[in-house]
J.: 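Sending over a structure as structure tokens; questions will come in a sec.
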2 protein chains.
Amino acid sequence: MLSMLRAAGLRVTAPRRAVVWALAFGPSHSTAMQLLERASAYHPALGRASVYRTLEVLSRLGAVRPWAGVHGEPEFVRVLEGHHHLMCSYCGELEEMPHCGEECPAEELTDGSRIHGHLVELIGVCASCAQKEETCT
Amino acid sequence: MLSMLRAAGLRVTAPRRAVVWALAFGPSHSTAMQLLERASAYHPALGRASVYRTLEVLSRLGAVRPWAGVHGEPEFVRVLEGHHHLMCSYCGELEEMPHCGEECPAEELTDGSRIHGHLVELIGVCASCAQKEETCT
DNA sequence: CTTTCTGCAAAAGATTTGCAGTTCT
DNA sequence: AGAACTGCAAATCTTTTGCAGAAAG
């Protein structure tokens, strides 16, 4: 993501490096505050505002997307590599799904556009809940 | 969505009907405040809190999903019918994509789970921007 | 009739903004 | 040197919560 900053003519500074580091080497989605906390280990002087400002920049570049977490908490998701979840409306858990390769069906839906990332969210009942229910019936 | 409330043993009240009406007959995604405004036409006494509470209930039932809008503003998306967007990271526009049928490839990614809705977001450069760029080169 | 839901207003948070100082290029 | 970026703290705004009263089943 640092190279994306450079390519866009933006500066690569310590605070930005810290946030990118926290994004790249942490979980695929986190809240702004979690990122602040993790990135602080890398650059202790980091302030809240810079985290938000960096996330805004990265969103504009398409490296990250704001996303509403399991209970609606605002989070940011690394999006360059593609991302699939299953939100189970029965147990309320978010199940991360295996990564998709180059030929992810989600990216086939397009016309002349150039896709470089995606976020797929399925809403339904997860396999383990579905099985539990059958057992009950 | 009213029947989903009944099926879950929850009450169907005027405020809830108003919010469901605003969701069902309005755009596929809106902010809580926009819903409040529209639903007020239907039930003028409606208060903010009830909108949030109803949206919370509908999210738990899987009829709606919180979602981060174009610039990250929290919105709610009708999700039962499936939903596809393309976020163009060049022009920043959100392009709504044609609705998918029953055999939407997005829903094929599953194992034993039962899917009843989905939200697909592609991040990339939209067709018209992609074309513009070619012309420039 | 009981339990759930509602509106109000206050409280709690999260995100944004202005500004003086710092740091890339 | 000049423009871009940062941290701080204050301001703004959205969402949540407590509670007394109303209404659905």
Side-chain angles (χ1 to χ4, degrees), chain A residues 1-23 29-61 64-77, chain B residues 1-23 29-61 64-77:
Chain A
M1 311 192 201
L2 297 178
S3 58
M4 296 175 81
L5 287 172
R6 277 193 204 92
L10 297 166
R11 293 185 180 170
V12 173
T13 62
R16 287 181 176 167
R17 239 192 294 266
V19 173
V20 167
W21 176 81
L23 278 167
H29 47 90
S30 335
T31 64
M33 297 309 244
Q34 289 166 342
L35 288 169
L36 169 60
E37 203 169 321
R38 272 188 277 123
S40 291
Y42 186 101
H43 178 66
L46 186 63
R48 279 168 266 295
S50 297
V51 174
Y52 285 108
R53 286 189 277 227
T54 302
L55 288 169
E56 220 253 293
V57 166
L58 292 174
S59 302
R60 271 212 313 278
L61 297 179
V64 135
R65 259 296 277 161
W67 178 73
V70 185
H71 297 296
E73 345 65 276
E75 297 186 336
F76 289 81
V77 187
Chain B
M1 308 193 202
L2 297 177
S3 58
M4 296 175 81
L5 287 172
R6 278 194 204 91
L10 298 166
R11 292 183 181 172
V12 174
T13 62
R16 286 180 177 169
R17 240 193 294 267
V19 173
V20 167
W21 175 80
L23 277 168
H29 47 90
S30 334
T31 65
M33 297 308 244
Q34 290 166 342
L35 289 169
L36 168 61
E37 204 169 321
R38 271 188 280 123
S40 292
Y42 184 103
H43 178 67
L46 184 64
R48 280 170 268 294
S50 298
V51 175
Y52 285 108
R53 286 189 276 226
T54 302
L55 288 169
E56 219 252 296
V57 166
L58 292 174
S59 301
R60 270 213 312 277
L61 297 178
V64 135
R65 260 295 279 163
W67 179 73
V70 186
H71 297 298
E73 345 64 274
E75 298 186 337
F76 289 81
V77 187

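The sequence lines fix the lettering, A, B, ..., with proteins before strands; numbering per chain opens at 1.
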J.: Rounded to the nearest 0.5 Å, how far apart are NE2 of B:H29 and CD of B:E73?
T.: 9.5 Å

J.: To the nearest Å, give me how far apart CZ (A:R17) and P (D:dA4) are.
T.: 19 Å

J.: Rounded to whole Å, how long is the line connecting atom CD of A:Q34 with atom C1' of C:dG13?
T.: 15 Å

J.: When all nucleic acid strands are considered with a 4.0 Å heavy-atom cut-off, which category describes B:A14: base, sugar-phosphate, or nothing?
T.: nothing

J.: B:T13 side chain N/O closer than 4.0 Å to the phosphate oxygens (OP1, OP2) of C:dT6?
T.: yes

J.: CZ of B:R16 versus P of C:dT4: gap in Å, rounded?
T.: 11 Å

J.: Which letter, B, S or -, goes with each nucleotide of nucleotides 14-19 of chain D from 5' to 3', with contact meaning a protein heavy atom under 4.0 Å?
T.: SSBBB-

J.: Check whether more than 12 heavy atoms from other residues, nucleotides or ligands sit under 6.0 Å from atom CD of A:E37, and answer yes or no.
T.: no

J.: Calculate, to the nearest 0.5 Å, the distance between atoms CZ and CZ belonging to A:R65 and A:F76 respectively.
T.: 9.5 Å

J.: Compare all side-chain heavy atoms of A:R16 with those of A:V19 and state whether any distance is below 4.5 angstrom.
T.: no

J.: For DNA chain D, what dot-bracket results from Watson-Crick or G-U pairs at under 3.5 Å, with [ ] for crossers and | for inter-strand partners?
T.: |||||||||||||||||||||||||

J.: For A:L46 and D:dT6, what is the distance between atoms CG and P respectively, to the nearest whole Å?
T.: 9 Å

J.: Roughly how many Å is it from CG in B:L5 to P in C:dT4, rounded to a whole number?
T.: 15 Å

J.: To the nearest angstrom, how far is B:E73 atom CD from D:dT12 atom P?
T.: 21 Å

J.: Let me know the distance between CG of B:L55 and C1' of C:dT6, rounded to the nearest Å.
T.: 15 Å

J.: Quick check on DNA chain D: between A:V51 and B:R11, whose nearest nucleotide comes earlier from the 5' end?
T.: A:V51

J.: Are any of the side-chain heavy atoms of A:E56 and A:R60 separated by less than 4.5 Å?
T.: yes

J.: Do A:P15 and A:R53 have side-chain heavy atoms sitting under 4.5 Å apart?
T.: no

J.: Can you check whether B:P66 reaches B:S59 side chain to side chain, under 4.5 Å on heavy atoms?
T.: yes

J.: For the pair made of CG in A:L35 and P in C:dT15, what is the distance, rounded to whole Å?
T.: 11 Å

J.: So do the side chains of A:L5 and A:L2 get within less than 4.5 Å of each other, counting heavy atoms only?
T.: yes

J.: Do A:V51 and A:R48 come within less than 4.5 Å of each other through their side chains, counting heavy atoms only?
T.: no

